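These numbers come from a predicted model, not from an experiment. Throughout, numbering of the chain's residues begins at 1 and tracks the sequence.
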Amino acid sequence: MQTTKTCPNCGGEGKIVKEKCPDCRGRGKTRNLVKINVKIPAGIANGQTVVLREEGEAGEKGGPKGDLYIVVDIKKHSIYSRNGDNVICQIPITFTQATLGADLKIPMVNGNKETYKIPEGTQTGTRFTIKNKGFKSVNGNWNGDYIFTVIVQTPKKLTAEQRELLNKLAKTMNEQPPVRKRGIFG
């Protein structure tokens with residue numbers, strides 16, 4: 001019976017290091033913390049990978065360094081969400097803005113504000129699109145769209161004057177909303 005195993009002295013290298021380095025203890029490598037600046041491309045999506053060539057672990061026996069793979073994890077934002085290259089958000093508006101129409105100052109992801117005119121009679125849940133104001137495409141020369149949904153906020157507390165004005169308005173309008181008649185199948 002015959003068995004084979006790696007030499008405990010040379011580790012199968014065929015050479016024995018007599019005077020071992022105090023830093024690497026004869027292994028030929030040391031561990032160091034390295035700070036690397038990484039350029040993350042605009043428009044990168046959650047879960048995508050950035051590869052830095054020859055920034056990884058040192059190669060074996062003097063070989064070239066490996067590659068460093070960085071998986072991007074994008075922090076969720078309190079206002080904006082993303083659908084591909086499109087920016088999605090909800091914009092609260094007042095009852096009077098929805099009724100009379102208004103020029104809204106829309107906060108963009110780059111910190112600027114874009115003026116957008118909503119028409120009178122805008123209902124809650126109405127979606128509007130500002131073309132080419134979304135995220136830059138990683139693989140192309142275009143931008144996604146900025147899509148926002150307006151949410152009409154009804155006031156919870158009214159002053160006596162506001163209540164009186166709304167009561168006057170209510171008297172001039174048919175306060176019963178139209179009822180849709182449905183058939184047997186909806």
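No single ILVMFWY cluster, assembled from side-chain heavy atoms under 4.5 Å apart, contains both Leu169 and Leu100. The cluster map of Ile, Leu, Val, Met, Phe, Trp and Tyr, joined by side-chain heavy atoms under 4.5 Å apart, puts Ile44 and Val38 in the same cluster. Residues Phe95 and Ile151 are members of separate hydrophobic clusters, defined by side-chain heavy-atom contacts under 4.5 angstrom among Ile, Leu, Val, Met, Phe, Trp and Tyr. Residue Ile147 is not grouped with residue Ile91 when hydrophobic side chains (ILVMFWY) are merged at heavy-atom distances under 4.5 angstrom, including chains of intermediate members. Ile36 and Val72 fall within a single hydrophobic cluster, where Ile, Leu, Val, Met, Phe, Trp and Tyr side chains are chained together by heavy-atom contacts under 4.5 Å.
Using a cutoff of 4.0 Å between basic side-chain nitrogens and carboxylate oxygens, Lys133 and Glu114 are scored as salt-bridged.
Remark: aromatic rings of Phe128 and Tyr146 are distant, center separation not under 6.0 Å.
Asp145 contributes a side-chain N or O that, together with a main-chain N or O of Asn132, makes up a donor-acceptor pair within less than 3.5 Å. Asn110 places a side-chain N or O within donor-acceptor distance of the main-chain N or O of Asn112, the cut-off being under 3.5 Å.
Here the closest non-hydrogen pair linking Thr149 and Arg127 is OG1-CG, 3.4 Å. Heavy-atom minimum distance, Asn143 versus Lys136: OD1-CA, 3.3 Å. The two residues Ala42 and Val138 have their closest heavy-atom pair at O-CG2, 3.6 Å. Taking every heavy atom of both residues into account, Phe148 and Leu104 meet most closely at CE1-CD1, 4.4 Å.
Here NZ of Lys76 is found 12.0 Å from CZ of Arg82. Values are rounded to the nearest 0.5 Å.
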Go through the steps to decide whether Leu158 and Leu166 satisfy the test side chain to side chain contact (heavy atoms under 4.5 Å, CB included), and finish with yes or no. CA-CA 10 Å; Leu158 297 173; Leu166 282 175; 3.7 Å; yes

Dump the intermediate steps for side chain to side chain contact (heavy atoms under 4.5 Å, CB included) on Val50 and Ile40, then the final yes or no. CA-CA 7 Å; Val50 175; Ile40 303 294; 4.1 Å; yes

